[in-house]
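Everything below concerns the one structure shown next.
Just so it is clear, the values below take in all heavy atoms, side chains as well, and ignore hydrogens, waters and symmetry mates.
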Amino acid sequence: MPVLELLAPQSGEAILDVGCGDGVLTQKIAALGCQVVGLDSSAEFAAAARRLGLDVVEMSAYDMDFGPRFDAVFSNAALHWMKDADTVIGNVARALRPQGRFVAEMGGHGCVKIIQAALIDELDRRGHDGRAADPWYFPTPEDYGARLSAAGFEVRQIALIPGRRRSRT
C-alpha cells in the first residue's frame, strides 16, 4: 500500500497499471474514481483481473504503445521481471500526458541474491548459461534513476529499501 500512497490517485485520472497481475490493487485504484487500464502479459492474470470488472490489455510492457493518454503510470512488483528496462521506461514515457507521473515499486539490487546466485551456478554447472536464463533485473537506485533521467523523467524519489529478515519462533 505505500506505493499506492505515493501514486496519490485522484478521482477522474487516467492511470495505467503495468503488470497489473490479478487486478486486486488495480481495483483499489478504480474504486477511487480513476479510469484504470491494467496491462499484463499473462493470460491467466489478465483473465483474473477482468473477472473483477477491470479494463485489461493482455500485452507485454515491451510492446505497449498507448500514446500520451495517461495522467499516471503505476507498477507494483512487476518491473524486476522486465530485463529490458530501457524499452519499458520509454514505453511508459510515451504513455504519459505532459506532466504525468510514473510511480513504481520493484525488487532492487540484492533482492533474492542468494537464490539468484544458486540458480545461476546450478544452471552453469549443468552446461547452460545461467546468467542468460536469469529472469530478473534488480537494479541499484543509481542505475534505474539514470535510465529514468535518460528517458526524460524528473526523478523526485528513488530508494532501495532493504528487506527485513524474518525468523521463526
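Hydrophobic clustering, with ILVMFWY side chains joined whenever heavy atoms are under 4.5 angstrom apart, keeps Val36 apart from Phe70. Placement of Leu6 and Leu32 in two distinct hydrophobic clusters is found when ILVMFWY residues are connected by side-chain heavy-atom separations under 4.5 Å, directly or transitively. There is a path of hydrophobic side-chain contacts, each under 4.5 Å, that joins Val155 to Val18.
Taking every heavy atom of both residues into account, Gly23 and Leu54 meet most closely at O-CD1, 3.4 Å. Contact record, Leu148 with Ile158: CD1-CD1, 4.4 Å, taken as the closest heavy-atom pair. Considering all non-hydrogen atoms of both residues, Arg131 and Lys83 come closest at O-NZ, 3.7 Å. Closest of all the heavy-atom pairs between Gly21 and Ala49 is O-CB, 3.8 Å. In terms of heavy-atom proximity, Pro9 sits nearest to Cys34 at CB-SG, 3.6 Å. Closest of all the heavy-atom pairs between Met106 and Pro139 is CE-CD, 3.5 Å.
Counting heavy atoms from C-beta outward, Val37 and Val56 have side chains that stay 4.5 Å or more apart. Two residues are said to be in side-chain contact when any heavy atoms from C-beta on lie closer than 4.5 Å; Arg101 and Phe153 fail this criterion. Side chains of Val73 and Leu96 form a contact here, defined as non-hydrogen atoms less than 4.5 Å apart. Looking at heavy atoms from C-beta onward, Val92 lies in side-chain contact with Met64 at the 4.5 angstrom threshold. Using a 4.5 Å cut-off on side-chain heavy atoms (C-beta onward), Leu4 and Ile29 make contact. Looking only at side-chain heavy atoms (C-beta outward), Leu39 and Phe66 come within less than 4.5 Å of each other. Within the 4.5 Å cutoff, side-chain heavy atoms of Tyr144 are placed close to those of Ile89. Counting heavy atoms from C-beta outward, Met82 and Tyr62 have side chains that approach closer than 4.5 Å.
Applying the 6.0 Å contact sphere to CZ of Phe102 captures more than 12 heavy atoms from other residues, nucleotides or ligands.
Rounding to the nearest 0.5 angstrom, the gap separating the OG1 atom in Thr26 from the CD1 atom in Ile15 is 10.0 Å. Between the OG atom of Ser42 and the CG atom of Asp22 there is a distance of 10.0 Å, given to the nearest 0.5 Å. Distance check, rounded to the nearest 0.5 Å: OG of Ser75 to CH2 of Trp81 gives 13.0 Å. Within the model, atoms CD of Gln27 and SG of Cys20 stand 11.5 Å from one another, a figure rounded to the nearest 0.5 Å. The distance from the NZ atom of Lys28 to the CG atom of Leu52 is 11.5 Å, given to the nearest 0.5 Å. Atom CG in Leu79 sits 8.5 Å away from atom CD in Glu105 (nearest 0.5 Å).
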Practice problem: I would like to know whether Leu25 and Phe74 meet side-chain contact (heavy atoms from CB on, under 4.5 Å); could you show each step before the answer? | Solution: CA-CA 10 Å; Leu25 195 51; Phe74 173 77; 3.6 Å; yes
Exercise. Take Glu58 and Arg50 through the test side-chain contact (heavy atoms from CB on, under 4.5 Å) and record every step on the way to the result.
Key: CA-CA 10 Å; Glu58 184 184 327; Arg50 285 189 191 106; 3.9 Å; yes
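Checking side-chain atoms of Asp71 against main-chain N and O of Gly100 turns up no donor-acceptor pair under 3.5 Å. Judged purely by atom type and a 3.5 angstrom limit, Glu154 has no side-chain atom pairing as donor or acceptor with the backbone of Gly152.
Salt bridge status for Arg147 with Asp143: present, with a side-chain N to carboxylate O gap under 4.0 Å.
Two rings, from Phe138 and His80, have their centers less than 6.0 Å apart.
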